[in-house]
Amino acid sequence: MRRVLVVGATSAMAQETAKILAGEGSRFFLVGRDKTKLTDIAADLVLRGGKVDEPYAINIANLNGHLDMVERAFEAMGGVDVLIVAHGTNPDLGWQSWEVATETIMVNGVSAVSVAAAVADRFVKQGHGLILLISSVAGDRGKQSNYTYCAAKALVSRYAEGLRHRLIKMKSGVRVVDIKPGLTDTPLTAGLKKGLLWVGPATIATGIVGIIHRYENLKVGQYLPGTVYLPSFWRFVMLVIRHIPDKLFIKTNL
Amino acid sequence: MTAHHSASNYESWGHYPKATHRAVVTPSFRSVSITLDKGLSWLPRGNGRSYGDVCLNPDNGLISSSGLQRLISFDPESGILHAESGVLLSEIIDLVVPVGWFLPVTPGTMFVTLGGAIANDVHGKNHHTHGTFGKWVRSIDIVRADSGTVVCSLSQNEGLFRATIGGLGLTGFIVAAEIQLERIESPFMLVREKPFQGIDEFWDLDEAMRKDYPYTVAWIDCLDKNGRGIYTAARSCHSPGVGSMLNAGAPKSINFPVAPPFSLVNGWSLRLFNKAYYATHSRKQGECMTSLMKYHYPLDGIKNWNRMYGPKGFLQYQCVVPSKDSRFAISELLRKIRQSGQGSFLAVLKTFGDEISTGMLSFPMPGATLALDFPFKGASTTRLLDNLDAIVSAVGGRIYPAKDARMSAGTFLATYPQMTDFTKYIEPGFSSGFWRRVSQ
């Protein structure tokens with residue numbers, strides 16, 4: 001039975017992903033801030049065919065708690081096969097004060113790296129494991145509307161990129177994928193006008209489960225990309241956005 | 001966490017009427033309290049599968065149940081399921097059919113939410129043996145501004161319970177409900193089809209068939225002057241082998257990707273379809289076995305089938321006429337429709353059972369119900385439907401709110417006198433396009 005550690009389990013993408021994985025008979029260690037919400041989710045996953053250990057409540061900005069949390073997850077399930085890092089906040093668009101900037105970078109950037117680093121240590125010892133870091137297309141270019149969020153997600157993406165390279169060179173058996181969802185209709189993006197490019201969290205979840213399946217069926221020596229845009233058309237949208245000359249880019253309202 | 005979505009396109013299934021909303025709130029956990037802008041009126045919204053405007057609140061706000069899609073508990077021994085209101089019937093089916101349970105009452109689509117099924121007190125082809133969906137609801141968890149989450153049932157807050165079943169979402173925000181499921185011995189149905197030459201023959205056939213079959217319904221060719229049709233009766237197949245149930249023929253899915261620029265449903269296509277349908281179905285005799293899913297949800301295999309009516313959309317019309325005048329009234333209705341030359345692929349006729357629904361505003365009553373859809377052609381369509389309304393109210397029948405987009409306030413008050421009692425259970429600040437239309 002696949003053992004999944006979900007950090008940020010109350011996020012819409014994590015919930016939808018876990019629902020599908022539960023139907024395939026996975027075991028979960030759920031981590032989030034609010035115990036009541038985690039308990040609601042746990043009950044649902046059990047009915048859908050999953051096995052769920054006692055949920056773990058933590059304020060993820062508190063890095064000192066991460067090692068203990070990871071240890072508990074490995075202990076409870078006797079190891080972990082898949083780590084999904086899905087927690088995050090989305091600050092209001094516009095000017096980012098010192099408070100907003102530091103909190104955004106801490107929660108979306110540093111704490112995600114911290115969780116991945118703690119789990120990577122154990123995955124290397126274990127000799128296998130799949131690390132899924134949910135970053136964002138926002139990390140591909142800094143832009144005036146939500147630049148601290150962009151910076152935090154860029155940190156996660158660069159870390160994932162390098163960590164993956166390292167783990168491949170080490171022949172560790174541990175895999176890393178940087179997942180970059182595009183505009184997704186979740187509680188985090190409430191209040192934004194929704195256009196054609198938006199998708200629901202269930203669509204992202206289907207993509208994430210697809211990645212898990214591909215890695216589980218990975219043949220020796222087979223190559224799989226380390227960065228996945230969801231839905232995939234975002235690769236091309238961001239290719240364009242990254243290549244808009246600065247002189248033009250600074251005139252946009254992106 | 002409560003999400004305040006900007007109001008993108010929330011339509012009804014019939015694409016008529018069109019509406020824009022100013023705000024959509026999506027609570028993501030049932031334990032979380034919601035704050036609602038006092039300047040707007042609010043309407044709970046499920047999956048938007050009702051045809052008219054009971055799921056619309058034009059220029060005001062919607063409270064979406066799409067963040068509440070969790071199962072809470074299920075006892076495979078007793079068949080009692082507790083789930084959040086945004087859970088789709090399709091998810092319940094996926095969960096319970098493999099262990100030998102099914103919905104005791106189901107509408108013709110499984111893509112409705114649990115909350116929506118309760119708020120519209122939906123019925124199915126087995127109304128004469130099983131009543132409405134509301135009959136199988138054990139309790140409802142509903143959020144009201146003054147009292148927070150209230151649990152209501154027949155033994156606790158009975159008034160609110162009866163008002164909420166079939167209450168069109170107006171009595172508060174349903175966050176969860178407990179329902180009783182029904183045992184099935186296999187995921188298959190035995191279906192018997194019998195052609196009839198005219199409407200008189202239908203009544204005799206129905207009299208005989210409804211004694212033997214829990215599911216009955218008839219298709220009527222509304223272009224034929226005698227009212228010929230096909231009678232379909234079905235029962236659950238008692239074959240052993242519950243174990244291998246899950247994949248018993250979920251319909252293959254095809255899609256209407258875009259709305260064609262005009263309605264594909266017109267006089268020509270209707271005549272052709274009705275001839276072909278009658279010809280193919282009148283040849284079958286005896287009982288045939290089919291899967292549970294194919295039997296109950298034939299249209300769910302075609303995603304967005306509502307788009308075939310083109311950008312103007314369509315109107316559904318479903319009425320019920322009481323038993324004593326059924327024969328006369330149904331013939332009159334069919335005559336009016338035939339004369340108008342408008343009509344639908346499927347005119348559906350069924351007799352309801354004698355049971356009185358739990359819900360205060362529930363639609364079914366002892367009698368016969370007729371359902372059709374009409375491509376929306378403007379004034380000629382509304383005029384025809386007004387004429388049908390007149391026949392229905394003259395004999396003491398009524399129109400189904402879940403499918404209505406145009407009945408007058410006068411018709412509603414005359415045919416739902418209970419609305420006066422119901423009004424006192426309406427949550428302050430809650431309203432809908434439908435409700436403003438029929439109550440003012």
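Throughout, protein chains are lettered first and strands after them, A, B, ... in sequence-line order, and every chain is numbered starting at 1. These numbers were taken from a predicted model, which means no experiment stands behind them.
Contact of B/E91 with chain A is made through the side chain alone, with heavy-atom distances under 4.5 Å. Of the two parts of B/L95, only the side chain, counted from C-beta on, holds a non-hydrogen atom closer than 4.5 Å to a non-hydrogen atom of chain A.
Between A/D40 and B/E84 the shortest heavy-atom distance is OD2-OE2, 4.3 Å. Between B/I72 and A/L47, the shortest heavy-atom contact is C-CD1, 3.7 Å.
Side-chain contact between B/Q69 and A/Q15 is absent, with no heavy atoms from C-beta onward closer than 4.5 Å.
In the displayed structure, B/D75 atom CG is contacted under 6.0 Å by more than 12 heavy atoms of other residues, nucleotides or ligands. Within 6.0 Å of atom CZ in A/R72, 12 or fewer heavy atoms from other residues, nucleotides or ligands are found, so the atom counts as exposed in its surroundings.
With B/F29 as the partner, the side chain to side chain contact (heavy atoms under 4.5 Å, CB included) test is satisfied by one option alone out of A/D34, A/I41, A/T36: A/I41.
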